[in-house]
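What follows is a short report on a single structure.
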Amino acid sequence: MRIDIITAFPPLLHGPLSESILRRAQEAGHAEIVVHDLRDYTHDKHRTLDDTPYGGGAGMILKAEPLFECIETLQAQRHYDQVILTTPAGRVYDQSLCKQLSMEEALIIICGHYKGIDQRVIDALVSMEISIGDYVLTGGELAAAVIVDSVIRLLPGVIGDGESMLTDSFMEGELDCPYYTRPPSFRGMNVPEDLLSGDHARVRKWREHAARTLTRQRRPDLLEDSSRNAPERKKK
Ligand code: 6GU
């Protein structure tokens with residue numbers, strides 16, 4: 001899968017993309033992620049990216065020309081399945097949209113910034129607007145990093161062991177159970193007996209019960225949404 005990210009602040013993306021699982025996914029060839037500096041697509045002396053909004057008001061708007069030039073340059077090189085804009089006005093991101101994006105071949109993600117971007121970019125070039133939740137970020141870079149992280153980890157081979165993927169599909173319908181590692185007793189706090197038993201059936205029962213209890217307490221909405229649960233449950 002290829003993802004091109006267009007941003008006025010490339011360093012905000014470099015950190016998240018160059019560590020841990022995302023770095024390994026790129027090194028192994030599962031994902032090619034290219035960050036484009038929007039300033040490379042400006043032509044004036046000051047490399048101007050933004051301007052004041054027509055009609056007045058506070059805040060600056062990303063100009064249309066550099067975004068058009070950057071996106072059209074990319075689209076001349078290959079087909080892109082989606083041109084995504086990160087914006088609080090977008091569709092709220094969730095695991096089902098994440099899954100859908102992970103099945104695409106190539107994506108462009110435009111990081112929204114400042115007060116917004118020129119609406120003509122959205123009208124002419126953007127196919128999907130995504131928000132990562134009901135709060136406001138200073139810019140779309142962190143949102144883009146969240147989308148890329150969640151999509152890349154779903155690509156075949158990125159999270160190697162089958163066990164994680166199994167837990168993953170389980171997790172979509174409800175929250176995951178608590179985990180413990182050595183030592184079995186720490187400052188008077190003990191690991192639940194069932195987990196130490198070595199009895200796989202007993203461990204599985206404990207985990208299913210703990211996951212269900214936690215979900216009921218914290219996120220009953222996940223259990224109510226049975227249409228989302230059913231297909232995942234069948235897989236197990
Ligand atoms: Cl995608 N962008 C910004 N600026 N704020 C957000 C967001 C995106 N998603 C939630 N808040």
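Numbering of ligands and ligand atoms starts at 1, following listing order. No experiment lies behind these values; they were computed from the predicted model shown.
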Practice task
Check whether the side chains of E129 and T87 place a donor and an acceptor atom closer than 3.5 Å, and report yes or no.
Solution key: no

Exercise for the section: Looking only at protein heavy atoms, identify the closest one to atom 10 (C) of ligand 1 and say how far it is in Å. Expected result: G133 O, 3.0 Å

Exercise for the section: With M128 as reference, evaluate D81, I109, L107, L101 under the side-chain contact (heavy atoms from CB on, under 4.5 Å) test and give the passing residue. Expected result: L101

Handout entry: Minimum-distance protein heavy atom relative to atom 9 (N) of ligand 1
Key = I132 N, 2.9 Å

Problem - Residue R182 excluded, over 12 heavy atoms near CZ under 6.0 Å - result: no

Handout entry: Part of A143 with heavy atoms under 4.0 Å of ligand 1, whether side chain, backbone, both or neither
Key = side chain

Completion exercise
For I130, the ligand 1 atoms with a heavy-atom partner under 4.0 Å come out as 1 (Cl)

Problem - Protein residue, atom and distance nearest to atom 2 (N) of ligand 1, heavy-atom basis - result: P88 CD, 3.6 Å

Handout entry: Nearest heavy atoms of C111 and A144, plus distance in Å
Key = SG-CB, 3.8 Å

Problem - E65 (side chain) donor-acceptor with H43 (main chain) under 3.5 angstrom - result: no

Practice task
Identify, for atom 6 (C) of ligand 1, the protein heavy atom at the shortest distance, and state residue, atom and that distance.
Solution key: Y135 O, 3.5 Å

Problem - Region of D134 engaging ligand 1 - heavy atom pairs below 4.0 Å - result: neither

Exercise for the section: Measure the distance from atom 1 (Cl) of ligand 1 to every protein heavy atom, then report the residue, atom name and distance (to 0.1 Å) of the closest one. Expected result: T87 N, 3.1 Å

Practice task
Considering only NZ, NE, NH1 and NH2 on the basic side and carboxylate oxygens on the acidic side, decide whether E174 and R219 come within less than 4.0 Å.
Solution key: no

Handout entry: Heteroatom proximity flag, G140 to ligand 1, N/O under 3.5 Å
Key = no

Exercise for the section: Decide whether an N or O pair under 3.5 Å exists between L137 and ligand 1. Expected result: yes

Practice task
Grab the two heavy atoms, one from P178 and one from W206, that are nearest each other, plus how far apart they are.
Solution key: O-CZ3, 3.7 Å

Problem - N/O separation below 3.5 Å, T86 to ligand 1 - result: no

Exercise for the section: Find all atoms of ligand 1 within a distance of less than 4.0 Å from any non-hydrogen atom belonging to G139, and give their numbers and elements. Expected result: 4 (N)

Problem - salt_bridge(E208, R204) N-O dist < 4.0 Å - result: yes

